[in-house]
Amino acid sequence: MEEPQLLQQQEEEQSQSVSLQDCFKLLKGERDEQRLAGLLLVTKFCKSDDLVSLRAIYDAVGPHFLDRLLRTGLGKGVVSSGSGENRDAYLQLSVTVLSAFCRVSEIASSKEMVSKVPMIFEVMSMKSGMPVLEECYEFLYLVSTASEDGLTALDESGGIKLLAHQMSALPDGSHLMELAMKLVQLMLKKLSKGIVENNHLSELSVIVTKIARQFALLQNALKFEVLHLLSAIFSSEYSTLLHDALRVIQNENWSNHMRDGVATILQNRVAPAEKFEALILAESMVSIKGEGWLIGQINLPNVQDPIPADRCLLLVLESSRVEVAVLLNEQAYLKYEASKSSSSTAETIISKQQKVTIVFSLVEKIIKLISNIGETEGHLLDENTFIKAINGLNETIGVVLEYLQDAKEHGQKVGNDLLASVRLVGSYLAEAPVACEDKIMELLGYMLSVEGEHESSPFYSVCFLLPMLCQKTMKIEGCKLLASSGGYKAVVDCLMKLIEQNRNGVENNGCIFLACDTIMNLLKVVMEQITFSEDESTFISLLKALALWTEKTNDQSVVMMASSICTLIFDMTSENALLNHPSFSSSCLDSLSRLIARSLASWGQDMSDAAKADMDLLEIVTAGYSRWADRFPQIQKAVER
């Protein structure tokens, strides 16, 4: 069997050799007609991978004739003394041989080929026929990959605009679509934030929606190329701008396609790097469309049975849980165990931290989703899914707490990774304050001491934990924990910084009132565990901050909250003790006197609606004043005036 096949192959090679010799004779002819005939023979007999022959043929025909042939096809010249008839045939032949010649990288990178990029764009805008269009895409791809000049020509000729216009008409999964996506990937190198913002934002958003469809429909190796491309786009410096542009797109199909694609990747056995890229896409989609994007019907090719609407949510949560465990374990090893002499260690840690940021963001958004669903009747999640989600979140937060425990044991308090960990724990505990209770009791003081890399003292860590602290201090056990750990000092410091920011025009009333409620809960319950003399400077600083906060405000809720805290602090001291402190002035006492007088003045028959809303605070001030008024004669005088 082998000998006849060998003879047949030899005959074909001899026939091709004779044909190529005929080509060379025609290509070197004096008349254009001979060269045209030679090029036609090239398309029939020269194999696309025979780079040696392609180079020889290109040298024989010369770039000048090829340029004239392309221009004739575009109606800009003629290749012989005849008229410009058969332009379509000339155009097809020209583009075919140009794309074939560009398989030789030296030809593709030449000035002659780079200069033809604008003309090929013109062909693409004229012709929608698939054969010539595919060869145009082949030409552009080969020229763009062969040299930086080729890629620049593609960009400057309007590559992004052309692709945005044409991709919607390209067949799904076709070689044409594959080439178009490869061109997009190449052009990402040329796109900076400024260029996208000023020129290409709408086009890029359209391209993303077209690629999303391929991400959902493709079930071959090209699906992973689409995954890499989308991940690169959503990881770029202009991703935030792109998010804004994608939010206003009316067609919802693209976001459904993204969910289908992400779910397919996460539910199959793929490399860890590709699973993480799917999580990048999930995090971007949740940022664009909201947490509800995680729940929705999934439609996969060749799958008849309906897939549960919660499948994507559970897949993203489980994959995020695994990534959190792996990344934090690797990060802890790099920080505490690996050789510090390695120059790559710091870069690796930064890379891990960037990945942790993405999965933490996803987990935090899932926490928000589960919390909102728990408060909504008729939601799409059944009880079994809800329990699975809660268990997954508990496991994830447990891993994060272990990471914080490790940092505590190594004496580490400063780091954006630690601050992000506290934020995630705080987000979960705000919704589930009794979760991981034993570990929280052990780590509360430490978490309140964590600082970001650019902080001079703990602030954001306390802000992140305030919702949980406010809930925990509603019970005696929580108040005792905060008092015994000394954590209340961190809350006081945080409140004073928030007040300072507020006075400078930065409003964060949510955090301010959470801090006030926490301090007030604490003072009402465990005054016996807090000694004023030991924490004198802490409370005097707080009194001064509250006086400044309320001096020029007309907000009744601010007045009542501040006066309630002052009232509880006054229970522990006296006017003489305050005035004897070197950092406390009589002017501060004057401000506090006016504050208490203002709050008590709201008591009466003609109470405003705002005063009625703060009735519980007014009762605290009234009861407190009756206890300590004789120890504060100046305040008493201001009230009675």
Side-chain angles (χ1 to χ4, degrees), residues 364 367-368 371 393-394 397-398 400-401 404-405 407-408 413 418-452 455 457-502 508-530 535 538-539 541-542 545-546 549 557-558 561-562 564-566 568-569 616-617 620:
E364 194 168 340
I367 291 169
K368 182 179 178 183
S371 173
L393 289 171
N394 280 336
I397 298 303
V400 177
L401 288 171
L404 290 170
Q405 178 70 48
K408 178 184 177 183
K413 290 185 178 181
L418 301 178
L419 187 60
S421 298
V422 172
R423 172 176 171 150
L424 184 60
V425 170
S427 295
Y428 190 53
L429 294 178
E431 308 301 335
V434 297
C436 312
E437 213 158 16
D438 292 341
K439 203 67 179 175
I440 296 301
M441 287 180 65
E442 184 181 353
L443 286 173
L444 180 60
Y446 168 74
M447 288 194 293
L448 290 168
S449 71
V450 167
E451 301 171 21
E455 289 186 281
S457 61
F459 173 65
Y460 289 110
S461 59
V462 185
C463 290
F464 297 148
L465 294 170
L466 281 175
M468 176 269 291
L469 291 173
C470 188
Q471 293 182 72
K472 277 194 172 295
T473 52
M474 290 179 181
K475 296 183 178 180
I476 294 175
E477 293 77 11
C479 290
K480 289 181 176 179
L481 173 62
L482 190 59
S484 61
S485 67
Y488 69 91
K489 294 180 182 179
V491 178
V492 169
D493 288 342
C494 178
L495 175 57
M496 290 191 293
K497 289 177 183 176
L498 287 167
I499 289 172
E500 184 179 357
Q501 289 181 357
N502 183 270
N508 194 348
N509 289 338
C511 272
I512 286 183
F513 284 110
L514 282 171
C516 287
D517 282 335
T518 301
I519 293 169
M520 197 158 56
N521 291 342
L522 185 74
L523 291 172
K524 285 190 294 185
V525 174
V526 291
M527 285 188 291
E528 69 277 5
Q529 291 193 23
I530 302 173
D535 298 304
T538 299
F539 288 112
S541 297
L542 178 56
L546 293 171
W549 184 30
S557 60
V558 170
M561 181 64 78
S564 299
I565 295 174
C566 291
L568 294 171
I569 294 174
D616 57 334
L617 299 178
I620 291 172

task: Evaluate side-chain contact (heavy atoms from CB on, under 4.5 Å) for Lys439 paired with Glu442, printing each intermediate quantity in order.
output: CA-CA 5 Å; Lys439 203 67 179 175; Glu442 184 181 353; 3.9 Å; yes

- prompt: For Ser557 and Phe513, which heavy atoms make the closest approach, and how far apart are they?
  reply: OG-CZ, 3.9 Å

- request: Check whether any side-chain heavy atom of Ile476 sits under 4.5 Å from a side-chain heavy atom of Lys480, and report yes or no.
  value: yes

- prompt: Salt-bridged, Glu431 to Lys368, with N to O below 4.0 Å?
  reply: no

message: Could you check whether any side-chain N or O of Ser461 sits under 3.5 Å from a backbone N or O of Pro458, counting only pairs where one atom can act as donor and the other as acceptor?
response: no

message: Once rounded to the nearest 0.5 Å, what's the spacing between atom NZ of Lys408 and atom OG of Ser449?
response: 8.5 Å

Spacing of Thr518 atom OG1 and Ile565 atom CD1 [to the nearest 0.5 Å]: 9.5 Å

Asn521 side-chain N/O to Asp517 backbone N/O, donor-acceptor pair under 3.5 Å: yes

query: Is any side-chain heavy atom of Ser421 less than 4.5 Å from a side-chain heavy atom of Met447?
result: no

- prompt: Are the side chains of Leu443 and Val425 in touch, meaning some heavy atoms are under 4.5 Å apart?
  reply: no

- prompt: What is the minimum heavy-atom distance between Ile397 and Cys436, and which atoms define it?
  reply: CG2-SG, 4.3 Å

- request: State the CG-CG distance between Leu542 and Asp493, to the nearest 0.5 angstrom.
  value: 9.5 Å

- request: Report yes if some heavy atom in the side chain of Leu393 is under 4.5 Å from a heavy atom in the side chain of Tyr428; otherwise report no.
  value: yes

- prompt: How long is the span from the CZ atom in Phe459 to the CG atom in Leu495, to the nearest 0.5 Å?
  reply: 10.0 Å

Where Cys463 and Pro467 come nearest, the two heavy atoms and their spacing: O-CD, 3.7 Å

query: If we only count heavy atoms from C-beta on, is the Met520 to Leu617 side-chain gap below 4.5 Å?
result: yes

- request: To the nearest 0.5 Å, tell me how far Cys566 SG sits from Ile620 CD1.
  value: 12.5 Å

- request: Could you check if a side-chain atom of Phe464 sits within less than 4.5 angstrom of a side-chain atom of Leu419, using non-hydrogen atoms only?
  value: yes

query: Is the number of heavy atoms from other residues, nucleotides or ligands under 6.0 Å of Gln405 CD greater than 12?
result: yes

Pair Lys413-Tyr446, side-chain contact (heavy atoms from CB on, under 4.5 Å): steps then yes or no: CA-CA 8 Å; Lys413 290 185 178 181; Tyr446 168 74; 3.9 Å; yes

- line: Interatomic distance, NZ@Lys524 vs OG@Ser564, rounded to 0.5 Å, equals 8.5 Å

Minimum heavy-atom distance between Leu448 and Gly487, given as atom pair plus value: CD1-CA, 3.6 Å

message: Any salt bridge linking Glu437 with Lys472? Criterion: basic side-chain nitrogen under 4.0 Å from a carboxylate oxygen.
response: yes

task: Please name the pair of heavy atoms, one in Ala435 and one in Ile440, separated by the smallest distance, quoted to 0.1 Å.
output: O-CG1, 3.9 Å

message: I want to check something: taking the side chain as every heavy atom from C-beta on, are Leu469 and Leu444 in contact at a cut-off of under 4.5 Å?
response: yes

- line: Residues Leu466 and Ala515: closest non-hydrogen pair is CD2-CA, 3.9 Å

message: Leu424 vs Ile367, test: side-chain contact (heavy atoms from CB on, under 4.5 Å). Steps then yes/no.
response: CA-CA 9 Å; Leu424 184 60; Ile367 291 169; 4.1 Å; yes

Trace of the salt bridge (Lys or Arg N to Asp or Glu O under 4.0 Å) decision for Glu364 with Arg423: CA-CA 9 Å; Glu364 194 168 340; Arg423 172 176 171 150; 3.1 Å; yes

message: With heavy-atom distances below 4.5 Å as the criterion, would you say the side chains of Leu418 and Val422 are in contact?
response: no

Test side-chain contact (heavy atoms from CB on, under 4.5 Å) applied to Trp549 and Met496, step by step: CA-CA 9 Å; Trp549 184 30; Met496 290 191 293; over 6 Å; no

message: Tell me whether the count of non-hydrogen atoms from other residues, nucleotides or ligands lying under 6.0 Å of OH in Tyr460 goes above 12.
response: no

